[in-house]
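Just so you know, these numbers come straight off a predicted model, no measurement behind them. Order of the sequence lines fixes the chain letters, A, B, ..., with proteins taken first and strands second; residue numbering starts at 1 for each chain.
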Protein chains: 2
Amino acid sequence: MNKSEIPHLLRGDQNPPEKLIVREPLVIDDFKRIIRDMGLKVTKQRMGILKSLNQGRVHVTAQEVFEEVSQEYPDMGFATVYRFLRKLTEKNFVTEVRLGGQAARYELTPKQHHDHITCVRCGRIVEFQNLEIEQLQEEVAVENGFRLTHHVLELYGICGDPNCHQTN
Amino acid sequence: MNKSEIPHLLRGDQNPPEKLIVREPLVIDDFKRIIRDMGLKVTKQRMGILKSLNQGRVHVTAQEVFEEVSQEYPDMGFATVYRFLRKLTEKNFVTEVRLGGQAARYELTPKQHHDHITCVRCGRIVEFQNLEIEQLQEEVAVENGFRLTHHVLELYGICGDPNCHQTN
DNA sequence: CATTTAATTGAAATTAGTTGTCAAAAGAGC
DNA sequence: GCTCTTTTGACAACTAATTTCAATTAAATG
């Protein structure tokens with residue numbers, strides 16, 4: 001095993017390598033930049049929504065975002081959340097996930113595309129990537145004379161989690 | 001070639017063999033049997049809904065079924081359509097297909113499982129089957145500790161149909 | 001820092017799809 | 001036909017999401 005593969009704490013280094021430094025204060029500026037890049041004004045509401053999406057659980061509903069941001073800014077309406085989530089989705093900063101006939105769920109668009117497998121009993125959502133499936137989807141599209149733009153792949157099953165039981 | 005394999009018209013038989021007789025009136029009895037098998041009473045409304053699902057286009061919305069059946073039974077309510085579609089879906093005589101945040105679409109459950117590819121420009125829906133993808137989905141589930149119950153795979157793209165343009 | 005202007009906001013009304021309620025109507029066994 | 005239970009239509013209610021609009025606020029400018 002090469003020395004560089006040993007975690008810095010075990011190696012006894014004085015300081016962790018630079019890339020492990022957490023850059024807390026920059027996050028807020030990142031949000032501002034995202035909003036400005038969309039040609040929109042920076043408001044507390046929009047900052048709160050981005051913060052909620054960033055540090056909260058993934059796959060949240062608009063209602064959940066609303067409730068979370070409301071804690072900090074009590075006088076805030078649904079409409080603002082829906083409006084901004086729609087903009088974010090249009091600009092692809094956020095991805096909308098729809099499961100069955102339920103309310104849409106949102107997540108900051110991940111760098112790597114992935115799909116979801118959801119437990120029908122406890123509601124737990126696990127992300128996965130499968131390039132073979134992606135490739136086969138392309139082939140199916142071509143076979144049927146389509147140029148593929150996007151897809152929805154949601155698997156449903158029962159998970160083996162020991163805590164899985166009417167959690168949700 | 002055995003004589004019994006030759007189509008009856010070519011064989012010059014007086015009457016066609018029993019199993020080749022087209023049983024038009026029986027279709028209605030099939031509907032009645034389906035309804036009774038579900039432990040429900042046979043009503044004109046339910047017969048109309050099954051007839052609509054059977055001979056109409058596939059992938060219809062509840063509204064479309066309602067409108068079609070209303071032609072024959074003008075005093076009929078949405079609720080009846082929704083209620084019966086739900087029952088049919090529960091019993092798996094009908095399959096519900098949800099595309100994005102749109103209204104649910106229904107089709108008589110096909111003998112062969114299939115998924116859909118939808119044109120984002122004209123709305124045309126094509127069915128496809130891909131056993132490799134099905135197999136890979138099973139594998140993904142197992143890898144993540146799930147027992148797969150079902151899945152949703154919807155591909156979206158632009159179709160090469162010459163009539164494809166704002167048809168919908 | 002004050003002024004101006006256009007974007008943004010919350011509240012409430014509105015829409016679409018679907019489900020629940022309930023008295024009246026209608027199957028189906030006798 | 002008669003009775004019993006299910007089913008029905010009309011309408012209210014509900015959920016998720018969108019639209020409307022007057023009041024507020026960000027931010028460009030002076």
Provide, to the nearest angstrom, the distance between the [atom1] atom belonging to [X] and the [atom2] atom belonging to [N].
X	N	atom1	atom2	answer
B/Phe84	C/dT19	CZ	P	15 Å
B/Ile35	C/dA26	CD1	C1'	14 Å
B/Met47	C/dA26	CE	C1'	16 Å
A/Phe66	C/dT9	CZ	C1'	13 Å
B/Glu67	C/dG17	CD	P	11 Å
A/Asp75	C/dA11	CG	C1'	12 Å
B/Glu90	C/dT19	CD	C1'	13 Å
B/Tyr73	D/dT7	OH	C1'	15 Å

For the aromatic rings, using the six-membered ring if either is Trp, is the centroid distance between A/His151 and A/His113 under 6.0 Å?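 Yes.
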So that I can tick it off, tell me whether B/Lys44 and B/Glu72 are bridged by a salt bridge, with the cut-off set at under 4.0 angstrom between side-chain N and carboxylate O.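 No, this pair does not count.
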Taking 4.0 angstrom as the limit, do A/Arg105 and A/Glu64 come out as a salt bridge?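 Yes, A/Arg105 and A/Glu64 are salt-bridged.
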Do A/Tyr106 and A/Thr95 touch side chain to side chain, with heavy atoms closer than 4.5 Å?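 A/Tyr106 vs A/Thr95: side chains apart.
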Hey, does B/Thr61 have a side-chain heavy atom less than 4.5 Å from the side chain of B/Phe66?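 Not in contact.
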Side chain to side chain contact (heavy atoms under 4.5 Å, CB included) with A/Glu127: which residues, sequence neighbours excluded?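 Expected list: A/Val58, A/His59, A/Glu107, A/His114, A/His116.
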Footprint string (nucleotides 12-26 of chain D, 5' to 3'): B base within contact, S backbone only, - free, heavy atoms under 4.0 Å: ----SBBBB-----B
Could you pick out which residue, A/Pro74 or A/Lys87, lies toward the 5' side of DNA chain C when each is mapped onto its nearest nucleotide?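 Nearest nucleotide further toward 5': that of A/Lys87.
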